[in-house]
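Letters A, B, ... are given to chains in the order of the sequence lines, protein chains preceding strands, and every chain is numbered from 1.
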Amino acid sequence: MTRLRFAPSPTGALHIGGIRTALYNYLLARKTGGQFILRIEDTDQTRYVPGAEDYIIRSLAWLGLNPDEGPIQGGPFAPYRQSERTAIYHDHAMQLVKSGKAYIAFDTPEELDLMRQRLTDKGISTPKYDASVRDEMVNSLTLSEDEVNRKIADKVPYTVRLLVEPGHGIIIHDKIRGEVIFDSTELDDKILLKADGFPTYHLANVVDDHLMQITDVIRGEEWLPSTAHHVLLYRAFGWIDTMPTFSHLPLILKPNGQGKLSKRDGQKFGFPVFPMAWHSDHIEESIEGFDSYGFEPAAVINFLAFLGWNPGTEQEIFSLEQLIDVFDAERIHKGGARFDYDKALWFNSQYLQHLDYAIVQERLIQYANNENISISDVNVEAVFKLLQPRLHRLKEFFMIGYYFFTDELKYDDTEINKKWNPEAGALLQKLGEALGNIEPFTAENISIVAKELITASGIKMGVIMPLIRASLTGTIQGPDVYEIASLLGSVKTIERFVKMAGWTSVG
RNA sequence: GGCCCCUUCGUCUAUCGGUUAGGACGGCAGAUUUUCAUUCUGUAAAGAGGGGUUCGAUUCCCCUAGGGGCUGCCA
């Protein structure tokens, strides 16, 4: 039985790198018939952001990545919020102290800075709290037992540090990267328990993964260096036999390849980096998301799945269900992948092309309400079907097709002036009059009448057609003019023709 | 700086020693469309460099270069 977890930290909106990690964990769990667990790693009080946990949960739900166990649904290994498990970490840390695998340290942050400075001055490029300095510091290795106990009794803040033995290699068998070897001499005595009583990620994640019987850890590449410490921890606890497998995912990079994609890049490059929009009082600017950009969750999933993975076939469009079927962790790529917004848009348009109106209806109504657009006397479904092939994001619907929902057209003066002349105006007038007799007012019928009149007038198609279109939409581009006219209805169509017939150059 | 990871068209990638190095996005050209979008067709575009191993390297090894990650009482 496989058990995989997604373990985000509620320090703000989760970005798509995190979502992809969640997705791969979800996919592998579902594929192997195992469990997908959500665990909230809220062990840093200073970075805690209210609402972030809720945001994470809502985002996963929006994307369809529903956990089997987690803070909301509970489960056999509850609680799933690390801040509610501090006693467990404390006990485990102390267990390590007792067995000599860890020790208590009283050094203050200031003293640590001094130590680092001292080492730097000595020409040591990587100053760290390790075997070379630990016996010069204030800890349970250098203090007598009585002194240690007295300090603890006096409530002197202390941390618990992992005692790393130098001089041996630590081999990590990463499922994506193969063997990665670290020299324990390069490793510092990592803090396990912080002075505030909370565990560090290293302790909490190892203890919880063990206790929650996690079988496979899939996480970002930024965790690769500290995995050596995690292996040491599994050894220290005597859990090495049941240690989970590790897969370190390539990072999602900025479009220019300069570093990993960060939360600020959305604003910087003009695309969403978060699944959902979110406004928090604690964050100055409101955050846009793939949802508020008008993306389909299925498209976001599909796009993200292909950032660093591919099925080895030429098919690129996959539903979540299909992804579960074809996903294979062995095919995860090693190199970082740049975020490609054009590709994201393409995925989205692929999904948009095949959506039924019934599925988008509610959201369109929502958009209309948000923007105070009245849709009551418009056949939105017909408009949607007409506009659907030209949509890259659902949100564009009311921009592209605005002329169906208002009579105040934004005329493209420059283009209209280029084409308009009195003869064309007269033809428009005539067209308007003729259209009144068409019954039913279908695109086909309109087209027959219009073509006849145009041909008879001798005015070139290339002149009159742009004007007909502009009279209906204000612009010279868009779907079939006769379809537009038909949907607009004869009254509005005639009105707009007549208005254009009397066009007076503005420019 | 140290440690670790990575490196195929502009971008995402296929290739598990022998291929005309394939596909997709984007680009360009053409067809369709009275326009634009869609769709279709075509086209340009890649193995960082240098050593090995091998009959034969994009593929395996080493070096260099470049990029990235980590280097906190953050995750």
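- Of the candidate nucleotides G72(B), A75(B), C70(B), A75(B) has the atom lying nearest to any side-chain atom of W223(A).
- Going from the C1' atom of U7(B) to that of C63(B) covers 15 Å, rounded to whole Å.
- C73(B) sits 24 Å from C4(B) when the C1' atoms are compared, rounded to a whole Å.
- Between D183(A) and K343(A), the residue anchored nearer the 5' end of RNA chain B, judged by the nucleotide with its closest heavy atom, is D183(A).
- The base-pairing partner of G1(B), taking Watson-Crick or G-U wobble contacts with both distances under 3.5 Å, is U71(B).
- Residue-level contact check: E221(A) touches the bases, meaning some heavy atom is under 4.0 Å from a base atom.
- Rounded to an integer number of Å, the gap from CD of E179(A) to P of C60(B) is 16 Å.
- Side-chain to base pairing of R338(A) with U11(B): no donor and acceptor N or O lie closer than 3.5 Å to each other.
- Between W223(A) and Y201(A), the distance from one ring center to the other falls under 6.0 angstrom.
- Contact annotation for H248(A): no contact, since no heavy-atom pair falls under 4.0 Å across all strands.
- Side-chain proximity of T159(A) to the nucleotides C3(B), U38(B), C73(B) is greatest for C73(B).
- For the P atom pair drawn from U54(B) and A46(B), the interatomic distance equals 31 Å after rounding to whole Å.
- Contact annotation for P199(A): backbone-only contact, meaning every heavy-atom pair under 4.0 Å involves sugar-phosphate atoms and none involves a base.
- When heavy atoms are screened at a 4.0 angstrom cut-off, F306(A) is found touching the sugar-phosphate backbone but no base atom.
- Both distances falling under 3.5 Å, in either a Watson-Crick or a G-U wobble arrangement, occur for no nucleotide opposite A45(B).
- Looking at heavy-atom distances under 4.0 Å, R219(A) makes no contact with the nucleic acid at all.
- Across all strands, I476(A) comes closer than 4.0 Å to base atoms (heavy-atom distances).
- Not one N or O on the side chain of E136(A) forms a donor-acceptor pair closer than 3.5 Å with the backbone of V133(A).
- L112(A) comes within contact range of at least one nucleobase, with a heavy-atom separation under 4.0 Å.
- Note on ring orientation: taking the six-membered ring where Trp is involved, the planes of Y341(A) and Y293(A) are perpendicular (angle over 60°, cut-offs 30° and 60°).
- Dashed line: the shortest gap from a side-chain N or O of Q350(A) to OP1 or OP2 of U39(B) is under 4.0 Å.
- If you check every strand for non-hydrogen atoms under 4.0 Å, G462(A) touches nothing.
- Nucleic acid contact for A337(A): sugar-phosphate only, since backbone atoms but no base atoms lie under 4.0 Å from a heavy atom of the residue.
- Using a 4.0 Å cut-off, some side-chain N or O of T43(A) falls inside it from OP1 or OP2 of A75(B).
- Note on ring orientation: taking the six-membered ring where Trp is involved, the planes of F327(A) and W309(A) are tilted (angle from 30° to 60°).
- Rounded to the nearest Å, the gap between the P atom of C28(B) and that of C6(B) is 37 Å.
- A cation-pi arrangement is not found for R134(A) relative to Y129(A), the charged atom failing to lie both closer than 6.0 Å to the ring centre and inside a 45° cone about the ring normal.
- For the P atoms, the distance from G22(B) to U43(B) is 11 Å, rounded to whole Å.
- Both K190(A) and P255(A) lie close to RNA chain B; mapped to their nearest nucleotides by heavy-atom distance, the more 5′-ward contact belongs to P255(A).
- Base contact: T108(A) has a heavy atom under 4.0 Å from a base atom.
- A salt bridge links K385(A) with E381(A): the closest approach of a Lys/Arg side-chain nitrogen to an acidic carboxylate oxygen falls below 4.0 angstrom.
- Of the candidates A14(B), C3(B), C6(B), C3(B) carries the atom nearest the F182(A) side chain, counting heavy atoms from C-beta on.
- Base pairing of U11(B): its partner is A24(B), meeting the Watson-Crick or G-U wobble criterion (both donor-acceptor distances under 3.5 Å).
- Evaluation of atom-type donor-acceptor distances gives a pair under 3.5 Å for the side chain of R47(A) against the base of C74(B).
- The aromatic rings of F339(A) and F303(A) sit perpendicular, their planes meeting at an angle over 60°, well past the 30° parallel limit.
- In this structure C55(B) sits in a base pair with G18(B), meeting the Watson-Crick or G-U test at under 3.5 Å.
- Using C1' as the reference atom, A57(B) and U19(B) are 13 Å apart when rounded to the nearest Å.
- Between the P atoms of U71(B) and U15(B), the separation comes to 33 Å (whole Å).
- Taking side-chain N and O atoms only, K194(A) has a distance below 4.0 Å to OP1 or OP2 of C74(B).
- Counting non-hydrogen atoms under 4.0 angstrom, D107(A) reaches a base of the nucleic acid.
- Residue F295(A) is tested with F347(A), W346(A), Y351(A), F290(A) for a ring-ring contact (aromatic ring centres under 6.0 Å, His included); the sole match is F290(A).
- In this model, the phosphate group of G2(B) is not approached by any side-chain N or O of K128(A) to a distance below 4.0 Å at OP1 or OP2.
- Comparing A24(B), U34(B), A75(B) by their closest approach to the side chain of R469(A) singles out U34(B).
- Among the atoms of the strands shown, only primed sugar atoms or phosphate atoms (P, OP1, OP2) are found under 4.0 Å from some heavy atom of S9(A).
- Residue contacts shown for Q353(A) are absent, as no nucleic acid heavy atom lies under 4.0 Å away.
- Using a 4.0 Å heavy-atom cutoff across all strands shown, K460(A) reaches no nucleic acid atom at all.
- On the P atoms, G47(B) is 16 Å away from C12(B), given to the nearest whole Å.
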